[in-house]
Every structure is written in C-alpha cells, then in structure tokens.
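Structure record follows, encoded as structure tokens.
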Amino acid sequence: MADYLFADVEKHARKLWADQNVYKTDDQSEKPKYYVLDMFPYPSGAGLHVGHPLGYIASDIVSRFKRMKGFNVLHPMGFDAFGLPAEQYAIQTGQHPAITTEQNIKRYVEQMEYIGLSYDWKREITTSDPAYYRWTQWIFLQLFDSWYDKSQDKARPITELIHYFDKNGNVGLQAQCDENVPAFDATAWKSADEQYQSDLLMHYRLAYLAEARVNWCPALGTVLANDEIKDGLSERGGHPVEIRMMRQWMMRILAYSQRLLDGLNEIDWSDAIKEQQRNWIGRSEGALIRFSLEGNNQQIEVFTTRPDTIFGVSFMVLAPEHALVAEIITPENRPHIEAYITKAKNRSERERMADVKTVSGAFTGAYAIHPFTGDKIPVWIADYVLASYGTGAVMAVPGGDERDWRFANHFQLPILDIIEGSDISLAANDSKTSRIINSGFLNGLEVKTAIQKAIEALEKGGLGKGRIQFRLRDAIFSRQRYWGEPVPIYFENGIPKAMPDHLLPLQLPAVDKYLPTEDGEPPLGRAENWTYNGHPIETTTMPGWAGSSWYFLRYMDPHNATTFAERNKIDYWKQVDLYMGGAEHATGHLLYARFWTQFLFDRNWIGFKEPFKKLVNQGMIQGQSKFIYRVEGKNAFVSAGLKNNFKTTAIHVDVNMVKLDVLDLEQFKNWRTEYESAEFLLENPENGEISSTGIFKCGSEVEKMSKSKWNVVNPDDIISQYGADTLRLYEM
RNA sequence: GCCCAGGUGGCGGAAUUGGUAGACGCGCUGGUCUCAAACACCUGUGAGGUUACACUCGUACCGGUUCGACUCCGGUCCUGGGCACCA
C-alpha cells in the first residue's frame, strides 16, 4: 500500500484553493447568510502556537459545514495589529513597528494557510492599516459628536444638544453627563465664550476629555499599564511608579450600562460570560445621602445600598483622594493625614482591595452631622474606600458591614446595634432578612421595606434620594503611546476640535524615537509639524480595543473608501452568527464592541444592537511540561529518580530537549550559560541508583501550554511531520 | 482580597429534575495475522484484593442531607480566567 503523501496533497490543495479563489465570498446571494468569526489575533513575534488554531479549526469546520448545507458563509480573518509588544520592540531596536507587524502578519497568514483554514483572504484587514484606522478615527469623531439623551435612551448628534442649550440651557435636560455640571439657562449659554461653551459640551460628549488616574513612572517619563508594573516597580528598569491625575480622552460607556445589561438577555452566550459582564457593570440599587459638616457649608455625599442602616452610622470614611479632604482637615491632624495620603497614594486599587488584613486610616478632625439624629459623626479617611466607586465616600455602619466593623474595632469607634439578632461584639450582621432596631422611624421593619421607608424620608427631607449606581466606569481612551491610532483632534486656542473628514486618515507621523519627550509628552510630541493650520494636534493615541470594537463590520465591505461599510452590505450580513474566541475578553473587548455597536445603532449607521449573536469560548490547550531538579543552593541537578534523596527545586525545561523522559544533556548545557558548568547526577535506568554511566531523567506534569512553561508545541512542526489533517483532528 | 469557571482512570473526556461512575476515543496489555514488524482485527484495561470469584475503596479534601450523592448543602484546598493602559 502506498503512503499518504500529505505534504504533496496539501501543497496541491493550497495552490488550487488560492488559484481558483474558492473561498471568495459574495455579498449577494440567493442562499441564506451565515457569519462565522474568529477573534482576530495580535500578530506577535513568536508566531502561532497550537493554542491559537484550536478556535480557528473549530470555526473552520462550522464554516465548511454551513457552506455544504447551502449557506452563503462569511468567514474572514484579520489582525489586531496595534499593541505594546511591537512598540517595546521598536523602543529597543529602533525599527518601525509597522515593519515588525507586517513581517509577523506574513508569518501568521502562512501558518494559517498551512492549517488549511478556509478564510476569504480578499477580506483580510489590519487595524494598523491607515485605510482601516481611517474609520476607527471616524467612529471616534462620531462619538465626540454625540451626547446621550436619557429621555429617548439613545445617542444623538451634538448639534441637537446645542439647539437645546440655545433654547433652554441645560434646564430640564435628561442627559448622561459628568457629576457637578453647573446649571445654566439659554441666556447664560449664549453669552458664554467659545472656550466655556466647549467646556460645557465636554461634560456631555460620549468621547470627552477629563482628568483620570494613571500609573505614572517619573523615571521613564511615561504612563504604564498595570501589566507593566511588578511589585510597585516598572517592569522595565525597576523604577518607582506613582498614581497621577492626567487629562485623558474618555468614553462615556456608563451611558449604556443599563442597555448593556439588558442586551445580555437577547444573546446566546455562556452564562459564565454574561455573569462576568453583569458583575463588571455592577448595577446596585440604593440611595445617595448628603451629610452636612460641622462648621463648614460643604456636604459629604455618600452612596449606600443599605439606607435602612442609617441609624447605625457611627463614623464616615472618605477615600484619601477625596476632594473634600484638604478642606476639612483640622490643623492638628494635618501632619498624620498628609502622611497617610502619601502612603495610600502609591498603592494600586488592586492592592487596596486585596489587602483586607491590615486596617489603616486616619482621623481628619472634622465631624459630620447625622441627618436624622443630629449626632456628631467623626470623619476619617481610609484606603479601603476607593475614589473611583460611588462618591468616594461611605457612611460607616459597623454593625452591618464587615469592613466597617473591623475598622471600628481597630480604632475603637462605637458599634451600634441596629439589626435584630446580632452580636455586634463579635461581627457585623449583614443579614437582609432581619428586622431593624434602635432606628427611630425604621424600628421593626424588615430590610426591604426599611430601605424604601428610608429613601422616602430622605427625599422628603431633601437629604438624599434613591439611586441606581453602577460599578462600571467610563473608559479611559487615551494612551501615551506611539503604536496606536492617532486621535483626530486638534486644539485651536486650547479648544479641542475634530479634524475635518477629508484629512482622515490622520496618519501616524515619523518620530526619531518611540519614547516620550523630555517633558513627558507622549511619543507623538516628537513628530515635526504635528499641527493642523498651525494648531497642535492631540498627541495621545487610541487603546488596543478601539480597532477591535468594530472590525466585524469592516469585513463586510473591507475596501470601501467612502464609508466604513456600505449600509446594504451591513443589512445583508447583519450580526455575527457565531463568534469564537477566548473567555479572557469577557469584560474588555466583548463589552467595548457591544458598546460601539449600540452607539452605531443609535446614530443609525447600522440596523442591529448586538454584534455577536452566539459566542463560543474555545478553552485552552494543555501541554506536558518537563522538569529537572536542581539541588537547593547548588548548581547541580539530579535525575528524577534520585530527587527524593535531595532537597530540590523543580525547574521547567524545554520539552524539545527531552525524549521519552530522558534529557539531552548536551542541548541542555548549551541552553543557558549557567548550565554549562553545572553538575549532573545520573541514574541507572535498571535499578534507579546513582550511576556515572546512567541517564538523566526528567519529571513531567500537565499544565497550560505557555511559553513560560517551555511546553509549547509549534503547529508548523506537527504539520510538517504529520500533516494538517492530523493537527486539525487532534485539536478537535 | 473580590468576581467567574473548573477539579472524574496514564490522557482527552461521558454521565446531574439525586438511581449500575468512568460511555466513546487515545494510550497501554495480551492475542490473531507476519520470517519479523507496521497496518488490521480480537481481548483486557479505575485502585486494592483473589488462581478465579467474592469483597473493599474510589469523582480534589473535610463534613452534612438522603434508602441512595460526581450530582444537593456547608466549609477547605488547588488550577485557570478577569480585576479597568497585556492582548
């Protein structure tokens, strides 16, 4: 019997498919349509590993099946090409990230072709291609040109808001906007200068400028991702990092929080992913309550889900960053408060949330007044209160909240007993089924009714109001980076304005270095003539998620130069029927893409609200890792059968150096310089005893396949040894 | 720390309104065929135990509910994902 010469057969098939363009998809057809999409990859320098094709092969099988069943199948592929790794490489080597990216993409396409994936390559897109990001910039400008009308529950053009201001100011306006927007009438609006009008509009735009907290590294002169920070120091260079406020472009995604929640009920995604999005959006019902301050006409506003426990408030806590802190500290408390703020300032939110063991805080010296009892309530600051959630201040009810209880216990603040059946000397009681006691007009009520009663009383007394609060925050959109879409905004006398459409794409300029400028401007600050009509152009770029929030639309009409995609093509292909990709995108990409889709629907650019009808998460591939055992404190290794005789540390070794558990010692010694001089204790394979003529065995364990575990299998190797079908079948 | 998911043979994985745990496949064992192997086919394959049966144990761990628990409840551990500038 003759061998199956897979290499020849596959080569022939690839040529045939390419020459005859067999996977080319038409935008018109008598057949019903089916849109199968993979989450497009970031083209990293390492190439595809066997984890990538897991989803691609699955979706490819579905595509082929649907074609055979008589569907017109759209099954495209492209590249999410903007990103940090290419920029880092550019910083190190000076090579333009576009070049690296292009090389990596070439390799990816080749690898995908070898796997035999049936993409319509005529539709390939790359987010870093100016012909593509021209439309990412255009969408940004649509967002800049929009505000959110809560009464109609949709985004509308900013001209219509201006029209409203001309008539009424912002009186009676129901719009999603920043906190603390001043009230103004039509006259005030019309008499305001351009600068002030621009500032007012900024409070309403869906893409807007605001101050936001960022990780600033003074030594590198740049903003860092949490990912680039290890143990409070920059990964590059190990420099200290601090939190700093910076003016950033933001996205008013909060306007869509309720719709993003509701939309989940209409799509076929796993409950796990939906749950993650729900928790991320984090809707909670409760009340905003204002506490007056003693000897100060300012008020502290707090959000609480438990207004029924208001009689249990024995102190208040502000986030160290809270704007009122500076105003209310009494002179004698200033030194230790300032010391505390300095300490808290440089802890990340993650650290602050994770650290529940240590209780810390400081007394401001100020007192608030209880809205119902008139009691004096001490005001503290503590870093367990986060500035970014709610109002950045809480009313502390140690009898009903665990963290408040620990705080009160630690600082010996009073703990009031307001929930029936509690032992407040031992713990807080957060039961939601008990009755309220020692609470004036709320006495004897169950939690649910007490909450309603409390809100009624607050509203009646003008002390507060019922409120739905979301944990979701508006998204920071600016990146202090080079390798991203330039934000198409210029500043005329400091007033941000949209670049005219005919000048899009606003292309990335050449720079001498991919680093921030000396005075801490982003890399685009290095570009010569980064101006429009003599006005400076925005120097931040867009985040990675910008290009990936709408790419599924571009595949429908990838070469259109006059619009992001022709409406009749969008109406034909509609939503993605099957979306395949990793679950790690649950609260990032998948949420942002839903947000932009809802927005494009509102402005009537597309005819549907949800981008991805059905989502399947492909899971991950595991690999068998190999270990060698290093004797502790020595540059010596022992064969696996001997490790119990020594105190050893297991170290990952590249699986490619191991055959049938036996390590290739020569290869290993050449792997890293420190291993050249290492000692190796061999074992006799017959009896497992030490033997100078024996072999060196490795241990093994099944783990996630990852570069850091040295257990990665390259698909190219599998294909050249066994053929594409073997890889495909094995992965399935 | 918080949120989400998961933990079942050597491996991938079946089985849940609570009713024979390990379907199916891979691998491995033995056999048939062959000079021999590969292929193919047949057989066995959770662990202990037995000549063989019996029997005992067994779904991460501890406990509970139940006539009966992989499944339900309480607690614990571990792994993976996310925690807002990685993609």
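In what follows, every chain begins at residue 1, and chains take the letters A, B, ... in the order their sequences are listed.
- For the C1' atoms, the distance from B:C41 to B:U34 is 14 Å, rounded to whole Å.
- B:C4 atom C1' lies 14 Å from atom CG of A:Leu590, rounded to whole Å.
- Checking B:C3, B:A84, B:G82 against the side-chain heavy atoms of A:Leu472 singles out B:A84 as nearest.
- If you check every strand for non-hydrogen atoms under 4.0 Å, A:Glu87 touches nothing.
- Nucleic acid contact class of A:Asn215 (heavy atoms, under 4.0 Å, all strands): none.
- Here A:Arg728 pairs with A:Asp60 in a salt bridge; the nearest charged N to carboxylate O distance falls below 4.0 Å.
- Between A:Gln618 atom CD and B:G80 atom P the separation is 18 Å, expressed in whole Å.
- Classification of A:Glu110 and A:Lys106 as a salt-bridged pair fails, no side-chain N sitting under 4.0 Å from a carboxylate O.
- Listed nucleotides B:C3, B:A84, B:A87 differ in distance to A:Arg471; the shortest reach to its side chain belongs to B:A84.
- In summary, A:Glu321 and A:Arg352 engage in a salt bridge, as defined by a charged side-chain N under 4.0 Å from a carboxylate O.
- Under the Watson-Crick or G-U wobble criterion, with both distances below 3.5 Å, B:A37 is left unpaired in every strand shown.
- Ion pair A:Arg481/A:Glu228 flagged as a salt bridge, since at least one NZ, NE, NH1 or NH2 atom sits closer than 4.0 Å to an Asp/Glu carboxylate oxygen.
- Using a 4.0 Å cut-off between charged nitrogen and carboxylate oxygen, A:Asp178 and A:Arg252 count as a salt-bridge pair.
- When the P atom is used for both B:G63 and B:G58, the distance is 11 Å, rounded to whole Å.
- Listed nucleotides: B:A5, B:A84, B:C86. Nearest to the side chain of A:Leu84: B:C86.
- Contact detail for A:Leu524 and A:Thr540: the closest heavy-atom pair is CD1-O, 4.4 Å.
- Look at B:G1: its Watson-Crick or wobble partner, with both distances under 3.5 angstrom, is B:C83.
- A:Glu228 comes within contact range of no nucleotide atom at all, as no heavy-atom separation falls under 4.0 Å.
- B:A84 atom P lies 11 Å from atom CG of A:Leu386, rounded to whole Å.
- Against the 90° criterion about 0, the sugar-base torsion of B:G9 places it in the syn range.
- Residues A:Ile273 and A:Gln248 both approach RNA chain B. Their nearest nucleotides, taken by heavy-atom distance, put A:Ile273 toward the 5′ side.
- A:Ser388 comes within 4.0 angstrom of nothing in the nucleic acid, heavy atoms only.
- If you check every strand for non-hydrogen atoms under 4.0 Å, A:Ala586 touches nothing.
- Using atom P as the reference point in both B:C11 and B:C61, the two lie 15 Å apart (nearest Å).
- Rounded to whole Å, the C1' atom of B:G19 lies 10 Å from the corresponding atom of B:A69.
- When the P atom is used for both B:C26 and B:C78, the distance is 37 Å, rounded to whole Å.
- Figure legend. B:C72 is base-paired to B:G64; pairs are counted as Watson-Crick or G-U wobble with both atom distances under 3.5 Å.
- A distance of about 16 Å separates the P atoms of B:G49 and B:G10, rounded to the whole Å.
- Within 4.0 Å (heavy atoms only), A:Gly83 reaches sugar-phosphate atoms of the nucleic acid but no base atom.
- For the pair A:Gln276 CD and B:C4 C1', the computed distance is 4 Å after rounding to whole Å.
- Proximity of A:Asn226 to the phosphate of B:A84: a side-chain N or O atom is located under 4.0 Å from OP1 or OP2.
- A gap of 15 Å separates the C1' atoms of B:G6 and B:U71, to the nearest Å.
- Spacing between atom CH2 of A:Trp545 and atom C1' of B:A84 amounts to 11 Å, rounded to whole angstrom units.
- Across B:A21 and B:G46, the matching C1' atoms stand 10 Å from one another, rounded to whole Å.
- Residue A:Glu402 contributes atom CD, which lies 14 Å from atom P of B:G1 at whole-angstrom precision.
- Pairing partner, B:C77: B:G7, with both Watson-Crick or wobble hydrogen-bond distances short of 3.5 Å.
- Picking from B:G82, B:A87, B:C4 the nucleotide with the shortest atom distance to the side chain of A:His585 gives B:A87.
- Across all strands shown, A:Trp280 has heavy atoms under 4.0 Å from base atoms, whether or not it also approaches the sugar-phosphate.
- Checking A:Ala475 against A:Glu275, the closest nucleotide of RNA chain B that is more toward the 5' end is the one next to A:Glu275.
- Remark: B:U56 base-pairs with B:A47. Criterion, Watson-Crick or G-U wobble with two distances under 3.5 Å.
- For A:Trp380 and A:Phe411, the ring centers sit closer than 6.0 Å to each other.
- Between A:Arg278 atom CZ and B:C3 atom C1' the separation is 14 Å, expressed in whole Å.
- The side chain of A:Thr587 has B:G82 as its nearest neighbour among B:G82, B:A84, B:A87.
- Between the P atom of B:G81 and the CG atom of A:Leu54 lies a distance of 15 Å, rounded to the nearest Å.
- Within 6.0 Å of atom CD in A:Gln88, more than 12 heavy atoms from other residues, nucleotides or ligands are found, so the atom counts as buried in its surroundings.
- Residue A:Tyr42 places its side chain closer to B:A87 than to any other of B:A84, B:A87, B:C4.
- Residue contacts shown for A:Arg481 include a base, since a base heavy atom lies under 4.0 Å away.
- In this structure, A:Glu584 reaches the bases: a heavy-atom distance under 4.0 Å links it to at least one base atom across the strands shown.
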